[in-house]
Amino acid sequence: METKQYTGSPEDADLARADSLAREIFSDVANKWAFLIIEFLGDRTLRFSELRNEVEGISHKMLTQNLRMLERNGLVERCVHPTVPPRVEYTLTEAGQGLRATIDGMCAWTRHHLAHIEASRRRFDA
């Protein structure tokens with residue numbers, strides 16, 4: 001598979017610009033629900049209800065909104081099977097898998113530094 005590279009203007013990719021497309025994309029995917037959806041989808045294909053069970057605490061509405069946003073940004077693929085009732089499945093695209101590698105790193109960082117962060121919070125809150 002070939003990875004598509006960005007071909008737009010440099011301004012669209014500039015995170016320093018408030019009106020850049022890159023900043024809009026960053027804002028879309030840098031939320032806890034998007035991170036968790038991508039992490040739990042992983043290499044699997046899951047139905048909506050399976051994904052909702054994996055991502056504890058997410059509401060039906062929030063899962064729907066985040067899946068639509070991830071699909072719009074080309075990170076998640078939605079497949080509707082023509083059955084009664086329709087069976088809908090979600091899987092990560094190649095771009096979604098690429099972002100997952102970054103999210104995996106953030107999850108590892110969190111696990112590694114969790115005790116330090118907890119201790120820091122206790123000191124700060126005291």
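Atom NE2 of His112 is separated from atom CD1 of Ile117 by 10.5 Å, given to the nearest 0.5 angstrom. Ile58 contributes atom CD1, which lies 12.0 Å from atom CD of Glu56 (distance to the nearest 0.5 angstrom). For the atom pair CG (Asn66) and NZ (Lys61), the distance works out to 12.0 Å, reported to the nearest 0.5 Å. Here the straight-line distance linking atom SG of Cys79 with atom CZ of Arg47 works out to 11.5 Å at 0.5 Å rounding. The distance from atom CZ of Arg23 to atom CG of Asp28, rounded to the nearest 0.5 Å, is 13.5 Å.
Hydrophobic clustering of Ile, Leu, Val, Met, Phe, Trp and Tyr side chains at less than 4.5 Å, counting indirect connections, keeps Phe35 apart from Phe26.
Nearest heavy atoms, Ser59 versus Met62: OG-N, 3.0 Å. The minimum heavy-atom distance linking Phe40 with Leu46 is given by the pair O-CD1, 4.0 Å. Contact detail for Val80 and Pro86: the closest heavy-atom pair is CG1-CB, 4.1 Å. Minimum heavy-atom separation, Met69 to Ala34: CE-CB, 3.9 Å. Closest approach of Gly74 and Ala95 over heavy atoms only: O-CB, 3.8 Å. When all heavy atoms are compared, the tightest approach of Leu36 to Val55 is CB-CG1, 4.0 Å.
The pair Glu77-Arg72 does not meet the salt-bridge criterion, since no charged nitrogen lies less than 4.0 angstrom from a carboxylate oxygen. In summary, Glu50 and Arg52 do not engage in a salt bridge, as defined by a charged side-chain N under 4.0 Å from a carboxylate O. Ion pairing of Arg44 with Glu54 is present here, as a side-chain N (NZ or NE/NH1/NH2) and a carboxylate O approach within less than 4.0 Å.
For the pair Leu41 and Leu51, the minimum side-chain heavy-atom distance is below 4.5 Å. Side-chain atoms of Phe48 and Leu63, non-hydrogen and from C-beta on, do get closer than 4.5 Å to each other. Proximity of Tyr90 to Leu70: side-chain heavy atoms (C-beta onward) are nowhere separated by under 4.5 Å. Proximity of Arg78 to Thr91: side-chain heavy atoms (C-beta onward) are nowhere separated by under 4.5 Å. No side-chain heavy atom of Arg87 sits less than 4.5 Å from a side-chain heavy atom of Pro85. Leu92 places none of its side-chain heavy atoms less than 4.5 Å from the side chain of Leu75.
Under a 3.5 Å cut-off, the side chain of Thr64 and the backbone N or O of His60 do form a donor-acceptor pair. Judged by distance alone, the side chain of Thr110 and the main-chain N or O of Met106 form a donor-acceptor pair under 3.5 Å.
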(request) Under the side chain to side chain contact (heavy atoms under 4.5 Å, CB included) rule, what do Asp43 and Arg100 come out as? Steps first, then yes or no, please. (result) CA-CA 10 Å; Asp43 293 324; Arg100 181 175 166 238; 3.2 Å; yes

(request) May I have the step-by-step check of side chain to side chain contact (heavy atoms under 4.5 Å, CB included) for Leu67 and Ile37, ending in yes or no? (result) CA-CA 8 Å; Leu67 284 169; Ile37 291 166; 4.0 Å; yes

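Ring orientation note: the planes of His113 and Trp109 are tilted relative to one another, at an angle of 30° to 60°.
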